[in-house]
Amino acid sequence: QVQLVESGGGLVQAGGSLRLSCAASGRTFSAYAMGWFRQAPGKEREFVAATNINWSGANTYYADSVKGRFTISRDNAKNMVYLQMNSLKPEDTAVYYCAADWGMTTATMTRADEYDYWGQGTQVTVSH
């Protein structure tokens, strides 16, 4: 069982930055794939970024809409995963969720329905 708690959301002007944090419980945190998803009002939950660790090392994945602006990172010693968001745009406004699961692959890490563990979400609002 994994419990996830997000923090760091808020109101920011377009072009600004925010850093989201996700604190995870569990002694095998490093074995989990960790993802960030977001959901805007009236829209489906969408993939933002994910990271896992396998035989080749740490891997990161990004949605095209955030590539070059957002950076996902993790600190396994602290059971934390972060999402650094730069050059924010009004269309980035959404509730951002942290997610975790075992045994994720490149094909499944971008799919919300593949994750079993979710945080409660944190609101990010980007004004014009």
Side-chain angles (χ1 to χ4, degrees):
Q1 188 76 13
V2 176
Q3 292 184 328
L4 305 171
V5 180
E6 304 98 333
S7 61
L11 174 64
V12 64
Q13 288 188 333
S17 297
L18 281 175
R19 187 195 196 204
L20 304 184
S21 299
C22 175
S25 64
R27 290 175 291 181
T28 56
F29 173 75
S30 62
Y32 283 87
M34 301 297 299
W36 286 97
F37 290 78
R38 65 187 182 187
Q39 188 165 19
K43 295 188 177 181
E44 293 187 353
R45 192 167 296 190
E46 66 172 0
F47 170 72
V48 176
T51 179
N52 70 346
I53 298 175
N54 59 22
W55 61 269
S56 65
N59 303 284
T60 56
Y61 309 87
Y62 297 95
D64 288 342
S65 59
V66 307
K67 204 170 292 184
R69 300 188 298 123
F70 291 11
T71 302
I72 188 171
S73 61
R74 66 192 297 164
D75 185 337
N76 290 331
K78 296 181 179 179
N79 280 18
M80 296 290 295
V81 64
Y82 306 99
L83 185 68
Q84 178 66 45
M85 305 186 295
N86 298 329
S87 302
L88 282 161
K89 305 175 181 180
E91 52 263 43
D92 294 319
T93 296
V95 177
Y96 283 70
Y97 297 91
C98 177
D101 212 328
W102 292 86
M104 305 294 277
T105 68
T106 302
T108 60
M109 286 183 65
T110 62
R111 294 175 50 179
D113 59 356
E114 292 288 337
Y115 287 82
D116 284 342
Y117 304 105
W118 291 86
Q120 82 288 351
T122 186
Q123 177 71 46
V124 171
T125 303
V126 184
S127 63
H128 292 274

* Is there a donor-acceptor pair closer than 3.5 Å between any side-chain N or O of Asn79 and the backbone N or O of Ala24? ->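 Yes; judged by distance alone, with no hydrogens or angles, the pair exists.
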
* **Neighbour count >12 (heavy atoms, 6.0 Å) for atom CD, Gln123** =>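 Counting other residues, nucleotides and ligands, CD of Gln123 exceeds 12 neighbours.
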
* Asked: Are Val48 and Trp118 in one and the same hydrophobic cluster, where Ile, Leu, Val, Met, Phe, Trp and Tyr link if side-chain heavy atoms are under 4.5 Å apart?
  -> no

* Residue pair Val2 / Ala100: nearest heavy atoms and the distance that separates them ->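 Smallest interatomic distance, heavy atoms only, reads CG1-CB, 4.5 Å.
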
* Trp102 side chain near Asp116 side chain, heavy-atom distance below 4.5 Å ->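 A side-chain contact is absent here, since even the closest heavy-atom pair is not under 4.5 Å.
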
* Using the salt bridge (Lys or Arg N to Asp or Glu O under 4.0 Å) rule, collect all pairs that involve residues 117-128, keeping only residues at least two apart or in two chains. =>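 Listed by first then second residue: nothing to list.
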
* For the side chain of Glu6 and the backbone of Cys98, is there at least one donor-acceptor N/O pair under 3.5 Å apart? ->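 Side chain of Glu6 to backbone of Cys98, a donor-acceptor pair under 3.5 Å: yes, one is there.
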
* Which heavy-atom pair separates Ala40 from Ala94 by the least distance, and what is that distance? -> N-CB, 3.8 Å

* **Exceeds 12 heavy-atom contacts within 6.0 angstrom, atom CD of Glu91** => yes

* Asked: So if you build clusters from Ile, Leu, Val, Met, Phe, Trp, Tyr with side-chain heavy-atom gaps below 4.5 Å, do Val81 and Tyr117 land together?
  ->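 Same hydrophobic cluster.
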
* Please name the residue in the list Asn52, Leu4, Asp101, Leu83 that meets the side-chain contact (heavy atoms from CB on, under 4.5 Å) test with Met34. =>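 Testing Met34 for a side-chain contact (heavy atoms from CB on, under 4.5 Å) against Asn52, Leu4, Asp101, Leu83 leaves exactly one candidate, Leu4.
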
* Pairwise distance CZ(Arg38) to CD(Glu46) - rounded to 0.5 angstrom -> 4.5 Å

* Asked: Taking the six-membered ring of Phe29 as reference, does the NZ or CZ atom of Arg74 fall below 6.0 Å from its centre and within a 45° cone about the axis?
  ->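 Arg74 over Phe29 ring: yes.
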
* Are Ile53 and Asn76 side-chain neighbours, meaning at least one heavy-atom pair lies under 4.5 Å? -> yes

* Assess whether side chain to side chain contact (heavy atoms under 4.5 Å, CB included) is satisfied between Phe70 and Leu88, documenting all intermediate values. => CA-CA 9 Å; Phe70 291 11; Leu88 282 161; 3.8 Å; yes

* Asked: Between atom OH of Tyr96 and atom SG of Cys22, what is the distance when rounded to the nearest 0.5 Å?
  -> 15.0 Å

* Asked: What distance separates Thr71 OG1 from Met85 CE, expressed to the nearest 0.5 Å?
  -> 11.0 Å

* Asked: Side chains of Asp92 and Arg69: closer than 4.5 Å at any heavy-atom pair?
  -> yes

* Grab the two heavy atoms, one from Asp75 and one from Tyr82, that are nearest each other, plus how far apart they are. => CB-CE1, 4.2 Å

* Asked: Using 30° and 60° as the class limits, which term best fits the ring planes of Phe47 and Phe37: parallel, tilted or perpendicular?
  ->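 Geometry flag for Phe37 against Phe47: perpendicular rings.
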
* **Under 3.5 Å donor-acceptor, Ser21 side chain and Gly8 backbone** =>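 Looks like no, no N/O pair under 3.5 Å.
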
* Asked: Backbone N or O of Val126 within a donor-acceptor pair of the Thr93 side chain at under 3.5 Å?
  ->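 Looks like yes, one N/O pair under 3.5 Å.
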
* To do: Indicate yes or no: at least one non-hydrogen side-chain atom of Glu114 is less than 4.5 angstrom from one of Thr105.
  => no

* To do: Answer yes when Lys67 and Asp64 have at least one side-chain N-carboxylate O distance shorter than 4.0 Å, and no when they do not.
  => yes

* **Backbone N/O of Gly15 and side chain of Ser87: donor-acceptor pair under 3.5 Å** => no

* Contact summary for Ala49 and Tyr62, nearest pair of heavy atoms ->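 Nearest heavy atoms, Ala49 then Tyr62: CB-CD2, 3.7 Å.
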
* **Aromatic centroids of Tyr97 and Trp36 separated by under 6.0 Å** => no

* **Chi angles and distances behind the side chain to side chain contact (heavy atoms under 4.5 Å, CB included) call for Met104, Tyr32** => CA-CA 8 Å; Met104 305 294 277; Tyr32 283 87; over 6 Å; no

* So do the side chains of Met109 and Tyr115 get within less than 4.5 Å of each other, counting heavy atoms only? -> yes

